[in-house]
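Only one structure is covered here, and it is reproduced in the block below.
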2 protein chains.
Amino acid sequence: MHSLQFTGIDRGSAVPLYYQIQQTLLGDIRTGSLKPGEPVPSEQEISARLRVSRMTARQALKSLCDMGVVFSERGKGTFVSPLKLERNLRQVISFTEEMRGRGFHPSSTFLSLESILPGREVFTALGISPKEKVFRLKRVRNADSIPMGIECSYLPAHLYPDLRAKFDPAGSLYRTLADHYGVHIHIAEEVAEASLVDARQGRLLHVKPGSPIFIFARTSYDRSGRAVEYVRSVYRGDRYKIVNRLTQHHSRHAGKGRP
Amino acid sequence: MHSLQFTGIDRGSAVPLYYQIQQTLLGDIRTGSLKPGEPVPSEQEISARLRVSRMTARQALKSLCDMGVVFSERGKGTFVSPLKLERNLRQVISFTEEMRGRGFHPSSTFLSLESILPGREVFTALGISPKEKVFRLKRVRNADSIPMGIECSYLPAHLYPDLRAKFDPAGSLYRTLADHYGVHIHIAEEVAEASLVDARQGRLLHVKPGSPIFIFARTSYDRSGRAVEYVRSVYRGDRYKIVNRLTQHHSRHAGKGRP
DNA sequence: GAGTGGTCTAGACCACTTT
DNA sequence: AAGTGGTCTAGACCACTCG
């Protein structure tokens, strides 16, 4: 029933078959060839038309399901998810990417980069010794040249030798960490509070003391769970919103095909 | 190398094998038999010891991986994730559950339940006609009898016939929706703002006007993407924090086992 | 070289939904 | 009855990591 481009499957490629199928379907969904609520090709149809095993077809659909792009209903089929969970309100990690995704031009005002001994809050968050030095990077974050927030990043010094020479004050910190140190942030835990701006923060953010602000405390980890960054930041309440997707614990199973 | 309780596998049960294995390992991790950073049994070991196919063992490990409880490294093994991403800072949907998870005793002060015509904000969020009636439920939410926030829920009337008779003002709204109407919230989108409390809100929340607050706007959807609830709420900034886990887009694949 | 996870196959039985 | 997704099997080859 589907006449989609299933011609792009290259069995000689190093790209896994299920991933090629996933990308093909993702393309059809993004371009609108497959519309929200419509069924995507069934596991068996993919299997037959592309001459792949049903498990491979299933893996492709499962990955789209995990991404929230489609959802499956037993006995009925698999359908394009009506929610535009595309990008932008996806949990993001880089201020730069986040602002670009929202259509703003991001920039930073560099304040300072120092090597210091961490306070209690910092060394406990990073899980390091109080005697271990950290870099403290302070920046004001702007969107379209309007100050949005103040960020103070703490980075364990032993992870980033010679950071002062390698960090470009105008560039992305995360790009520096990835390119020069092979450090990739995999997951972060963030606590947000609502508070009021004080005099010093007000001057940097161009708002009156007593205005509403978000206060964030974020710890970032790499794949193996090592803390690679701790960030304290303050964002203007009048210009910044937090967008979240809340999901039900998706740990349940469905039923059984066997007595 | 592992001497864990792998005896609980019941092939006659209606519970899928992979799910039994997942739960067994989850138990070992929760009790501390498997500690953060330690390897969990390999796919082949599970396969051999439990006499299941490797794909089934793999499915169990994959599900734990998706939950963030373990992580896999190619050629090395699968290890318990060092982060205690257990519960509580998991994205939650029910105030009742959330507070219980944080160790508080939740309660509600019922304010009103009315059937009204929705305003623009409400009918656009719910994706319904302006002429379609909605229930408006107002409650003050307490933790250990201290007011934490004010919630105003809007519910499409046609989804919940006879809600007034079926809703217990002291009970959980989500339980009512699930038990009486078979409505299960699958996903929600929430926007949080930082603001200042006004006089009316201050009286209900027992704080001075001008104190910091969170303002939430949340739309909840069921599995098929139908909006089943819109909630406007206000929470005290001095007593409430938002805890989030941010993840990198996990849509990449790993490599290939074939040229 | 032995062990690991990543991918893939070609079947199978089941429960569920729709026709 | 036919089609769907959910589960499961018993194999296979590969790339990667480590000793």
Side-chain angles (χ1 to χ4, degrees), chain A residues 1-2 9-23 25 38-66 70-80 223-224 250-259, chain B residues 1-2 9-23 25 38-66 70-80 223-224 250-259:
Chain A
M1 203 57 70
H2 294 89
I9 302 307
D10 176 6
R11 301 187 92 88
S13 159
V15 178
L17 292 178
Y18 85 89
Y19 189 74
Q20 295 184 41
I21 298 169
Q22 181 223 80
Q23 289 296 302
L25 290 170
E38 284 182 1
V40 301
S42 73
E43 296 175 358
Q44 329 193 45
E45 187 178 349
I46 295 174
S47 171
R49 292 172 58 123
L50 299 185
R51 319 291 304 274
V52 298
S53 133
R54 198 192 133 199
M55 288 298 280
T56 300
R58 181 174 173 72
Q59 189 176 5
L61 291 181
K62 178 65 163 48
S63 69
L64 290 171
C65 212
D66 291 342
V70 304
F71 63 98
S72 296
E73 294 196 1
R74 179 139 170 171
K76 289 164 89 172
T78 303
F79 308 87
V80 180
R223 253 177 83 79
S224 69
H250 45 14
S251 42
R252 246 177 292 310
H253 67 100
K256 171 90 174 189
R258 191 162 301 200
Chain B
M1 203 60 70
H2 294 89
I9 302 310
D10 176 6
R11 301 186 93 89
S13 160
V15 178
L17 291 179
Y18 86 89
Y19 188 73
Q20 295 183 41
I21 299 170
Q22 181 223 81
Q23 289 296 302
L25 289 170
E38 285 183 1
V40 303
S42 73
E43 296 174 359
Q44 330 193 43
E45 188 179 346
I46 295 174
S47 171
R49 290 173 58 124
L50 299 185
R51 320 291 304 272
V52 298
S53 135
R54 199 192 132 200
M55 288 298 280
T56 300
R58 182 174 172 71
Q59 189 177 5
L61 292 181
K62 177 68 162 48
S63 68
L64 290 171
C65 213
D66 291 343
V70 305
F71 63 98
S72 295
E73 294 196 0
R74 181 190 290 235
K76 290 164 88 173
T78 303
F79 307 88
V80 180
R223 255 176 82 82
S224 70
H250 45 14
S251 41
R252 246 176 294 310
H253 68 100
K256 170 88 174 188
R258 190 162 304 197

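Every chain is numbered from 1, with letters handed out A, B, ... down the list of sequences. Keep in mind the model is a prediction, meaning the values are calculated, not measured.
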Legend entry - Check: V40(B) and L64(B) side chains under 4.5 Å, non-hydrogen atoms: no

Inset, instruction - Quick one: closest heavy-atom pair of Q22(B) and S63(B), and the distance? - result: NE2-OG, 3.1 Å

Legend entry - Separation of dC8(D) P from D10(B) CG (nearest whole Å): 12 Å

Legend entry - Short side-chain N/O contact to dT7(C) OP1/OP2 from T56(A), under 4.0 Å: no

Legend entry - Closest non-hydrogen atom pair between E73(B) and F71(B), with its separation: OE2-CE1, 3.5 Å

Inset, instruction - May I ask you to verify if any side-chain N or O of R11(B) is less than 4.0 angstrom from the OP1 or OP2 atom of dT9(D)? - result: yes

Legend entry - Name of the residue among I21(A), V15(A), L17(A) meeting side chain to side chain contact (heavy atoms under 4.5 Å, CB included) with Y19(A): V15(A)

Inset, instruction - Examine distances only and state if a side-chain atom of S47(A) and a backbone atom of V52(A) form a donor-acceptor pair shorter than 3.5 Å. - result: yes

Inset, instruction - Ignoring backbone atoms, establish whether R58(A) has a side-chain N or O less than 4.0 Å from OP1 or OP2 of dG6(D). - result: yes

Inset, instruction - For E45(A) and dG3(D), give me the distance from atom CD to atom P, rounded to whole Å. - result: 12 Å

Inset, instruction - Compare every heavy atom of D10(A) with every heavy atom of Q20(A), then report the nearest pair and how far apart it is. - result: OE1-N, 2.7 Å

Inset, instruction - Starting from P on dG6(C), measure out to CD on Q22(A) and report it in whole angstrom. - result: 16 Å

Anything under 3.5 Å between a protein N or O and an N or O of nucleotides 1-3 of chain C, put it in a table, one pair a line.
unit_1: dG3(C); atom_1: N2; unit_2: G75(B); atom_2: O; d: 2.9

Legend entry - Close side-chain approach of P41(B) and L25(B), heavy atoms under 4.5 Å: yes

Legend entry - Euclidean distance, atom CD of residue E43(B) to atom P of dC14(D) [Å, nearest integer]: 18 Å

Legend entry - T78(A) side chain, from C-beta outward: closest of dG5(D), dG5(C), dT9(D): dG5(D)

Inset, instruction - Report the nucleotide, chosen from dT9(C), dG6(D), dT7(C), that has the shortest atom-to-atom distance to any side-chain atom of V52(A). - result: dT9(C)

Legend entry - For atom CE of M55(A) and atom P of dA10(D), their distance in whole Å: 14 Å

Inset, instruction - Quickly work out the K62(A) NZ to dC8(D) P distance and round it to whole Å. - result: 13 Å

Inset, instruction - Compare side-chain N and O positions of Y18(A) against OP1 and OP2 of dC8(C) and report whether any pair is under 4.0 Å apart. - result: no

Legend entry - Separation of atom CG in L61(B) from atom P in dG6(C), rounded to whole Å: 9 Å

Legend entry - Nearest-Å distance for atom pair CD1/P, residues I46(B) and dC8(D): 13 Å

Legend entry - Candidate nucleotides dG6(C), dC8(D), dC8(C), ranked by approach to the side chain of L17(A) - the nearest: dC8(C)

